[in-house]
Amino acid sequence: LPLQIESPVGILRVTVTNCNITFYESMMSTIDPYIIIQFSNQNFKTTNKSGVQKIGEVAWNESHEFIINKSRTIFGRVL
């Protein structure tokens, strides 16, 4: 009999609260930062924060839910 393993099903909730920016290499006085999170084949991009100083803290407080799909693995392959 082949080995079969079933993975869990659920929701992964991610909340981006803040980050510290230390960007010295640009000649511009402000930047427009954003964050991209990739989980499996799903992506989440925060909104752009415009006019942020190159050094300091940026607050987002944005949440996203990633869906964890159930899959069955047989012989190391996902079917």
Side-chain angles (χ1 to χ4, degrees):
L1 292 172
L3 177 65
Q4 295 186 6
I5 301 171
E6 294 198 11
S7 63
V9 176
I11 295 176
L12 173 65
R13 184 180 178 103
V14 176
T15 302
V16 178
T17 55
N18 59 18
C19 75
N20 288 316
I21 301 216
T22 56
F23 188 72
Y24 299 102
E25 300 179 15
S26 175
M27 296 297 290
M28 305 175 91
S29 60
T30 60
I31 57 175
D32 301 330
Y34 58 89
I35 296 173
I36 296 176
I37 300 173
Q38 183 176 17
F39 177 77
S40 185
N41 62 347
Q42 303 169 65
N43 292 316
F44 168 61
K45 179 183 174 218
T46 62
T47 56
N48 287 19
K49 297 290 185 175
S50 59
V52 174
Q53 298 298 319
K54 293 189 293 182
I55 301 172
E57 187 171 306
V58 180
W60 271 278
N61 200 20
E62 295 181 25
S63 296
H64 183 72
E65 292 181 349
F66 292 101
I67 298 173
I68 301 172
N69 296 320
K70 184 176 184 179
S71 64
R72 179 177 291 162
T73 304
I74 299 177
F75 294 124
R77 297 181 304 175
V78 176
L79 303 177

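Along the sequence shown, residues are numbered consecutively beginning with 1.
- Residues satisfying the side chain to side chain donor-acceptor pair (under 3.5 Å) criterion with N18, sequence neighbours excluded, are E57.
- The two residues D32 and S50 have their closest heavy-atom pair at OD1-CA, 3.1 Å.
- Atom CD1 of I67 has 12 or fewer neighbouring heavy atoms from other residues, nucleotides or ligands inside a 6.0 Å radius.
- The two residues E65 and I11 have their closest heavy-atom pair at CB-CG2, 3.7 Å.
- Here the closest non-hydrogen pair linking W60 and C19 is CZ3-SG, 3.3 Å.
- In this structure, Q42 has no side chain to side chain donor-acceptor pair (under 3.5 Å) partners at least two apart in sequence or on a different chain.
- The aromatic rings of F44 and F66 sit perpendicular, their planes meeting at an angle over 60°, well past the 30° parallel limit.
- In terms of the side chain to side chain donor-acceptor pair (under 3.5 Å) criterion, residue partners of T15 (sequence neighbours excluded) are, by chain and number, S63.
- Contacts of T47 classified as side chain to side chain donor-acceptor pair (under 3.5 Å), with partners at least two apart in sequence or in another chain: E62.
- Within the structure, salt bridge (charged side-chain N to carboxylate O under 4.0 Å, His left out) pairs that include any residue of residues 39-53 do not occur (at least two apart or interchain).
- Residue Y34 belongs to a hydrophobic cluster whose other members are I36, with links defined by side-chain heavy atoms closer than 4.5 Å.
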